[in-house]
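Residues take their numbers from the sequence shown, with the count starting at 1. Computed from heavy atoms alone, side chains included, the values below leave out hydrogens, waters and symmetry copies. Start at 1 and go down the list; that is how both ligands and their atoms are numbered. Just so we're clear, the structure is a prediction, and the values are computed from it rather than from any experiment.
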Amino acid sequence: MAFLQQAPRLDHPYRADPWLRGCLDRTVPADRRAALDRDLDALGDYAVQAWERASQSTRHKPRLTNWDAWGRRVDRIELTTAWREGPALTTGHGILAAGHDAAPTARLEAFARVYLYHLASEFYTCPLAMTDGAATALKASGNNALMARALPHFLSRDPATFWLSGQWMTETAGGSDVGGTETTARLGEDGQWRLHGRKWFSSAVVGEAALALARPEGAATGTGALALFYVETMDGPSRKPQLIIDRLKDKLGTHELPTAEIHLDGLPAWPVGDLAHGVRHIAPMLNVTRTWNAVCAVASMARAVALATDYARRRQAFGQLLIDQPLHARTLADMQAEFAGAFALTFEVAHLLGRVEQGAAAPHEVALLRLLTPLAKLWTGKLAIWLCSEALECFGGAGYIEDTGLPQLLRDAQVYAIWEGTTNVLSLDTLRGLDHGLDALATATRQWMTDACEPECAAMVTATLASAAACAQSRGADRAALESGARGLALTLARCAAAALLVRQARHERALGQVRAAAALRRFVQHGLDRLCRPDAADDALLLQR
Ligand code: MFK
């Protein structure tokens with residue numbers, strides 16, 4: 001064997017990431033940067049170690065044991081190494097707690113930590129997202145008793161007191177359509193609410209608490225009659241689980257994440273707000289977990305691009321390095337440009353979230369955040385699948401082989417478009433945010449593109465946004481037309497917002513004598529901004545005929 005291919009090496013994901021560093025250089029004040037850099041350096045080190053550890057060992061899945069040897073029900077889950085290390089890393093680097101600091105950049109800084117930690121964490125970030133969402137929803141509820149009870153645990157910087165929270169919504173009768181929830185809440189004679197029912201996808205089943213939707217006994221059907229409850233899942237100091245874990249799911253990806261089917265047989269519960277409008281009460285949680293989803297999707301893209309680019313710099317074929325072959329270089333550059341746009345939009349949402357929460361946002365930015373959150377989630381969810389698939393192809397046959405660690409990237413990426421709302425559910429959610437959101441987006445893009453160094457690109461953004469707005473307005477009265485075009489509209493708005501943010505980044509870099517963002521912008525715009533589609537209901541019907 002004269003020749004062996006080299007495995008891809010992972011550069012330090014913080015020190016080698018110009019997009020993250022550029023974003024933080026532009027936004028984070030100097031007096032906060034040193035502390036942040038220490039955490040990001042450490043989390044980047046951990047990511048490199050985790051990649052090397054994974055490439056030298058067999059992957060494990062969590063294992064559920066329902067019964068002990070003597071017939072007692074135990075429902076014990078053995079976790080992977082990364083999951084066991086999760087609480088110390090999370091609390092040690094303030095991955096959750098830092099996002100709730102009283103500073104307008106706190107959320108952005110916390111999401112930079114999440115971005116670096118995500119893949120090394122083996123999706124421990126999933127329950128972290130839900131815990132962050134639960135903390136946010138409890139704060140929004142104004143329920144002081146529950147805040148005093150749970151927030152010191154959810155936002156703890158000490159692993160001994162840290163708690164994870166679940167988000168229990170999905171049931172067999174209602175996945176996206178949460179209104180189908182069958183779990184009931186019964187008020188006992190002792191004044192205690194208790195939950196009875198089955199939750200079909202529970203991804204934080206090892207957590208200590210959860211926010212759960214349930215229908216108070218005797219309440220009407222539908223979404224509006226659901227109530228939101230806070231529950232604790234461990235029985236005091238014995239830490240005996242108080243819920244029944246029926247089984248762990250066998251999933252396409254996210255194998256280290258113990259997603260479970262559970263049932264509740266009288267679990268004590270406390271209402272978070274009034275005994276109705278549960279979806280309204282849980283919405284702050286949804287919007288936070290959707291932001292996590294986008295950040296984690298972008299993290300997967302960053303990993304895919306980094307590995308494919310590293311490999312191209314060392315792999316020879318046809319007598320040349322791949323990186324020196326024009327078509328391969330073009331493919332990698334196209335991937336970079338799409339990633340750069342997705343990164344810009346996602347971290348703008350993270351920054352906006354912090355500014356809105358801290359009262360530091362301009363008036364139009366509340367509506368802007370409401371619109372951009374589902375846009376970032378739905379677009380990055382889809383893009384991550386495409387980009388990871390392209391990256392695997394960059395490795396040829398090796399990209400299809402399990403123990404390279406590469407197929408896992410693609411399998412895991414598929415989840416971003418599904419959980420926390422599918423692409424279509426999120427496209428319809430975008431319609432809820434359009435009323436004030438379109439004007440807010442027009443205002444924001446004008447500001448982002450002031451003094452643009454790529455005026456042609458800026459003009460294309462403005463023109464495409466205007467036709468998207470006209471399209472939305474012309475279909476306004478025709479709900480079916482609006483809904484059938486919602487995905488095209490959402491993708492167009494997402495791409496316009498991302499391009500406008502790249503214009504801003506290019507202007508910032510120009511002052512520093514850098515040109516990378518301008519190149520990404522030109523290429524991104526070349527891929528097209530307009531994804532609008534005509535509402536051809538008649539053709540849909542013809543194509544779907546039996
Ligand atoms: C590593 C990354 C980590 C990511 C975390 C991973 C965790 C994964 C676990 C899961 O996937 S948990 C399951 C997630 N499930 C969903 O996300 C549900 C998807 N379905 C929806 O989002 C539907 O759009 C929804 C259930 C909300 C629609 O139901 P309805 O019956 O049509 O609700 P409706 O009447 O439109 O809205 C009810 C209220 O909520 C309204 O307010 P009002 O009561 O004041 O009228 C809405 O305006 C409000 N609302 C809905 N979505 C909102 C929102 N408010 C703010 N933001 C939103 N996004």
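Between D429 and R370 there is a salt bridge, since a side-chain N of the basic residue sits under 4.0 Å from a carboxylate O of the acidic one.
Shown here, atom 49 (C) of ligand 1 is out of close reach of the protein: none of its heavy atoms lies under 4.0 Å off. Taking a distance limit of 4.0 Å, we find that atom 10 (C) of ligand 1 is approached by some protein heavy atom. Protein heavy atoms are found less than 4.0 angstrom from atom 32 (O) of ligand 1.
Below 30°, between 30° and 60°, or above 60°: for W19 and F339 the angle between ring planes is above 60°, a perpendicular geometry. Aromatic ring pairs are classed by plane angle as parallel below 30°, tilted from 30° to 60° and perpendicular above 60°; the pair H277 and H281 is perpendicular. Ring planes of F123 and W419: tilted class, angle from 30 to 60°.
Which parts of ligand 1 touch T223 is read off a 4.0 Å heavy-atom cut-off, strictly below it: atoms 30 (P), 31 (O), 33 (O). For ligand 1 and C296, the ligand atoms under 4.0 Å from any heavy atom of the residue are 1 (C), 2 (C). Counting atoms of ligand 1 from 1 in the listed order, those under 4.0 Å from a heavy atom of N287 are 56 (C), 57 (N), 58 (C), 59 (N). Which parts of ligand 1 touch S176 is read off a 4.0 Å heavy-atom cut-off, strictly below it: atoms 19 (C), 20 (N), 21 (C), 23 (C), 26 (C). Of all the atoms in ligand 1, the ones that sit under 4.0 Å from a non-hydrogen atom of T170 are 13 (C). Close approach to D429 involves these atoms of ligand 1, each under 4.0 Å from a residue heavy atom: 52 (N), 53 (C), 58 (C), 59 (N).
Nearest to atom 14 (C) of ligand 1 among the protein's heavy atoms is E420 CA, 3.7 Å. Summary of contacts: the protein heavy atom closest to atom 40 (O) of ligand 1 is V279 CG1, 3.5 Å. Of the protein's non-hydrogen atoms, the one nearest atom 3 (C) of ligand 1 is A129 CB, 3.7 Å. For atom 21 (C) of ligand 1, the nearest non-hydrogen atom of the protein is V425 CG1, 3.5 Å. Counting protein heavy atoms only, atom 54 (C) of ligand 1 is closest to A283 CB, 3.7 Å. Atom 15 (N) of ligand 1 has M169 CE, 4.0 Å as its closest protein atom, hydrogens excluded (heavy atom only).
Between F347 and F343, a ring centre-to-centre spacing shorter than 6.0 Å is recorded. Ring centroid separation for the pair F229 and W270 does not come in under the 6.0 Å cut-off.
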### Task
Evaluate the side chain to side chain contact (heavy atoms under 4.5 Å, CB included) criterion for residues L493 and W379: first the C-alpha distance (whole Å), next the side-chain angles of each, then the deciding distance (0.1 Å), finally the verdict.
CA-CA 10 Å; L493 296 177; W379 178 46; over 6 Å; no
### Query
What's the verdict on side chain to side chain contact (heavy atoms under 4.5 Å, CB included) for T254 and C126, showing C-alpha distance, side-chain angles and the deciding distance?
CA-CA 10 Å; T254 67; C126 167; over 6 Å; no
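Screening L267, I245, T233 for a side chain to side chain contact (heavy atoms under 4.5 Å, CB included) involving I262 leaves a single residue, I245. Screening H263, E261, R198 for a side chain to side chain contact (heavy atoms under 4.5 Å, CB included) involving I244 leaves a single residue, H263.
Residue contacts with ligand 1 include C126, since one of its heavy atoms falls under 4.0 Å from the ligand.
Counting only non-hydrogen atoms, the option in R370, Q167, R290 that gets closest to atom 16 (C) of ligand 1 is R290. Within the set M130, R432, R280, M285, the minimum heavy-atom distance to atom 51 (C) of ligand 1 is found for R432.
Under a 3.5 Å cut-off, the side chain of T430 and the backbone N or O of L426 do form a donor-acceptor pair.
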